[in-house]
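Sequence lines set the chain letters: A, B, ... in the order given, protein chains first and strands last, and positions in each chain run from 1.
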Amino acid sequence: MRLSRFPLHTTKETPADAEVVSHQLMLRAGYIRKLGAGLYTWLPIGLRVLHKIEAIIREEMNRAGAVEVLMPSVHPAELWQESGRWQQMGEEMLRFKDRHQNDFAYGPTHEEVICHHFRQDFRSYRQLPVNFYQIQTKFRDERRPRFGVMRAREFIMKDAYSFHMDREDLAREYENMRQTYARIFTRLGVDFRIVQADSGNIGGSQSEEFHILAGSGEDLLAVSDSGSYAANVEAAACLPPQTPRPAPTQALEKVATPGQRTCEQVAKFLNVPLTGKVKLLVVKGADGGLVALALRGDHQLNEIKAAKHPLVASPLTFAAPEEVQRVFGCEVGYLGPVRCPIPVIADHAAAAIADFVCGANENDHHLRGVNWGRDCREPQVADLRMIVEGDPSPDGVGRIKFYRGIEGGHIFQLGRKYSAAMHLSVLDDKGQAVVPEMGCYGIGVTRLAAAVIEQSHDAAGMIWPDAIAPFRVILCPIGMDKSETVRVAVETLYAELVAAGVDVLLDDRGQRPGVMFADADLIGIPHRIVIGDKGLAQQQYEYKHRRAGKPEMIPATTAAVLEKLGT
RNA sequence: CGGGGUGUAGCUCAGCUUGGUAGAGCGCUUGCUUCGGGAGCAAGAGGUCGUAGGUUCGAAUCCUGUCACCCCGACCA
């Protein structure tokens with residue numbers, strides 16, 4: 001490609017409303033332009049990256065035996081009503097009516113649609129297993145789109161849906177996809193981790209996320225410092241304390257704590273460590289009443305764990321302050337398990353401390369020297385808290401360290417949640433109707449491009465891995481319009497590289513060297529060849545890898561260039 | 001959804017408090033010079049100041065509505 005014929009619009013200034021590096025660089029390098037909140041156009045150079053990512057995904061999905069389809073982005077409401085998600089999805093799903101006043105949604109995901117097609121054509125176990133995938137545009141009306149294409153509303157996703165006669169076969173395909181994803185992420189050249197995940201509102205049992213490690217990542221990952229354990233903090237189990245609860249040593253005592261509401265305030269006011277305080281959170285119970293969750297003062301509630309507890313309503317709903325006032329007779333800052341009017345579920349860690357401080361269920365008062373069993377009932381104990389750094393790894397190997405990650409892929413064993421709701425049925429080898437098991441597997445294609453930049457850039461711009469660079473090599477001729485020698489040399493090299501099948505960009509704009517170099521660095525082309533009279537006089541080109549500090553001279557031959565490209 | 005903020009040239013922004021002929025830098029066009037890390041000089045083109053209404057002799061500026069966009073929050077008592 002000749003740069004004189006290729007629209008590339010770079011800018012020196014960093015756009016004001018871009019926070020993360022990838023967003024800034026994509027705007028500055030002319031990869032994307034914003035159309036509206038969470039809506040981005042991919043300009044020619046950016047689209048080349050996207051296509052290369054898609055090509056790798058296609059190759060690996062095909063290799064893994066999946067088959068490509070393309071489903072509509074607009075879905076009739078009936079399908080979503082059938083699965084029940086028309087009601088469940090909420091504001092995130094964009095809905096609208098057609099000219100006949102029929103309801104439609106812009107698809108945020110495609111379980112319903114693929115299930116519909118499956119039941120049209122699949123009758124027999126002989127046709128299974130099958131794994132359909134597509135690379136397609138989705139729309140999710142995020143409450144707050146941000147970080148450019150990293151959390152956009154419209155985005156491109158590779159989604160796949162597999163169907164199986166039994167769980168064993170689903171587990172086999174899940175593992176197949178797991179390995180396929182690992183190959184895809186490896187080929188993309190990113191540093192990634194596979195972590196245990198919560199399956200969220202998509203449902204299902206086993207689920208793992210593929211995270212690209214990056215400081216700007218939105219997700220927090222709990223990773224063992226010496227073992228193989230890795231999980232999204234949302235899904236990380238916490239081990240119960242190893243040591244038994246100490247025996248009580250203090251007497252129960254009520255103390256005035258005027259105006260001290262938060263755990264931090266109370267701990268400081270009474271000069272006790274935060275770890276010696278128990279806090280109570282009041283949520284709606286599964287039976288419609290209220291339930292209190294007890295946590296150690298320094299711990300945070302893991303809402304997902306709490307919502308899964310049989311006594312707790314799902315989704316987790318906090319009691320309104322007025323409701324707490326009515327039931328406890330005090331404000332929320334002074335709650336405690338002693339003479340608590342509602343059932344208490346305590347986190348393992350909170351249940352394991354003695355002589356603790358907690359609210360007195362009376363405004364401006366707390367209790368100290370409180371002990372489970374002696375001063376209040378022994379609580380039900382459960383794992384309710386967020387894991388923290390330094391905790392023992394849940395698999396018993398090593399301690400937990402936190403990393404930030406960008407979720408680039410997510411694989412699920414859905415089971416029969418959708419296949420049952422959508423009334424799928426195939427006959428097995430005994431002629432019995434069976435509801436197939438489903439798996440689903442997603443990769444955020446547009447997000448991956450941003451994630452790679454987050455992980456691979458420097459002060460001058462992006463640094464693309466060869467596999468997905470918009471161009472592998474850029475040719476920068478110095479004084480092309482002045483020197484016939486340079487012009488002939490660069491045109492020859494360009495033609496031969498094109499003939500060799502190399503994605504080559506020729507900067508024939510006639511710009512000054514500084515402009516050419518700055519643009520080449522900004523758009524992140526991995527290899528750069530400079531052709532000038534000085535070098536040619538020595539029969540040499542100048543070669544520089546985007547990551548290298550200094551250029552080197554190589555023989556002025558196409559073969560030498562191809563060798564540098566590793567082709 | 002709650003709170004805060006911003007809409008002025010293609011881009012980044014100033015001007016608004018205190019109403020009086022629309023500004024800068026970057027980019028763009030032309031010419032000359034320059035030519036190995038975002039050149040210099042000169043001359044130009046380019047804006048119904050988001051939008052609707054109000055106040056006023058007069059509104060980018062003050063007031064009201066509205067739309068768009070951005071930020072923070074939306075569990076942790």
Protein-to-nucleotide contact annotation, 5' to 3' order, nucleotides 67-77 of chain B [B base; S sugar-phosphate only; - none; under 4.0 Å, heavy atom] | --SSSB-BBBB

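At a cut-off of 3.5 angstrom, counting only N and O atoms as typed in the model, there is no donor on one side facing an acceptor on the other between the side-chain of A:E13 and the base of B:G27. Contact of A:R528 with B:G37 (side chain to base): a donor-acceptor pair of N or O atoms is detected under 3.5 Å.
Look at CG on A:D458: it is 14 Å from C1' on B:G37, rounded to the nearest Å. The CZ atom of A:F517 sits 10 Å away from the P atom of B:G38 (whole-angstrom rounding). If you take CZ of A:R33 and C1' of B:C11, they are 9 Å apart, rounded to a whole angstrom. Whole-Å rounding puts the A:E542 CD to B:G37 P distance at 11 Å. Atom-to-atom, CD of A:E91 to C1' of B:C1 comes out at 9 Å; the value is rounded to the nearest Å. A:K12 has its NZ atom 13 Å from the C1' atom of B:C28, to the nearest Å. If you take NE2 of A:H9 and C1' of B:C26, they are 16 Å apart, rounded to a whole angstrom. Atom-to-atom, CG of A:L8 to P of B:G27 comes out at 15 Å; the value is rounded to the nearest Å.
With values rounded to the nearest 0.5 angstrom, A:D103 atom CG is found 3.5 Å from A:K97 atom NZ.
Put simply, the side chain of A:T41 never gets that close to the backbone of A:L43: no donor and acceptor are under 3.5 Å apart. A donor-acceptor pair under 3.5 Å is formed between the side chain of A:D347 and the backbone N or O of A:L384. Between the side chain of A:H309 and the backbone N or O of A:A307, no donor-acceptor pair lies under 3.5 Å.
With C1' as the reference atom, B:A24 and B:C69 are 24 Å apart, rounded to whole Å. Across B:A45 and B:G3, the matching P atoms stand 47 Å from one another, rounded to whole Å. Nucleotides B:G25 and B:U33 are separated by 23 Å at their C1' atoms, to the nearest Å. Taking atom C1' in both B:G7 and B:C13, the straight-line distance is 12 Å, to the nearest Å. Separation of the C1' atoms belonging to B:U12 and B:C32 is 30 Å when rounded to the nearest angstrom. Comparing B:C41 with B:G58, their C1' atoms sit 41 Å apart, to the nearest whole Å. To the nearest whole angstrom, the two P atoms, one in B:U30 and one in B:C70, are 36 Å apart. B:C28 and B:G37: their C1' atoms are spaced 23 Å apart (whole Å).
Base pairing annotation: B:G53 forms a Watson-Crick or G-U wobble pair with B:C63, both donor-acceptor distances under 3.5 Å. Pairing partner, B:A42: B:U30, with both Watson-Crick or wobble hydrogen-bond distances short of 3.5 Å. Pair check for B:U6 finds B:A68; Watson-Crick or G-U wobble, both atom distances under 3.5 Å. The pairing partner recorded for B:C1 is B:G73, the criterion being a Watson-Crick or G-U wobble arrangement whose two distances lie under 3.5 angstrom. Figure legend. B:C16 is base-paired to no nucleotide; pairs are counted as Watson-Crick or G-U wobble with both atom distances under 3.5 Å.
Partners of A:R296 according to the side-chain hydrogen bond (donor to acceptor under 3.5 Å, both in side chains) rule, which considers only residues two or more places apart in sequence or in another chain, are A:D298, A:H299.
A distance below 6.0 Å separates the ring centres of A:Y40 and A:H23. Aromatic pair A:F471/A:W464: centroids not less than 6.0 angstrom apart.
Position along RNA chain B of the nearest nucleotide to A:K482 versus A:A518 favours A:K482 as the more 5'-ward residue.
Within the nucleic acid shown, A:R296 has no heavy atom closer than 4.0 Å to any nucleic acid atom. Within the 4.0 angstrom heavy-atom criterion, no nucleotide atom of any strand lies near A:L295. Looking at heavy-atom distances under 4.0 Å, A:R28 makes contact with a base.
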Checking side-chain hydrogen bond (donor to acceptor under 3.5 Å, both in side chains) for the pair A:E454/A:S216: CA distance, chi angles, key distance, verdict?
-> CA-CA 7 Å; A:E454 286 294 326; A:S216 57; 2.5 Å; yes

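Within a 6.0 Å sphere centred on CD of A:E91, other residues, nucleotides and ligands contribute 12 heavy atoms or fewer.
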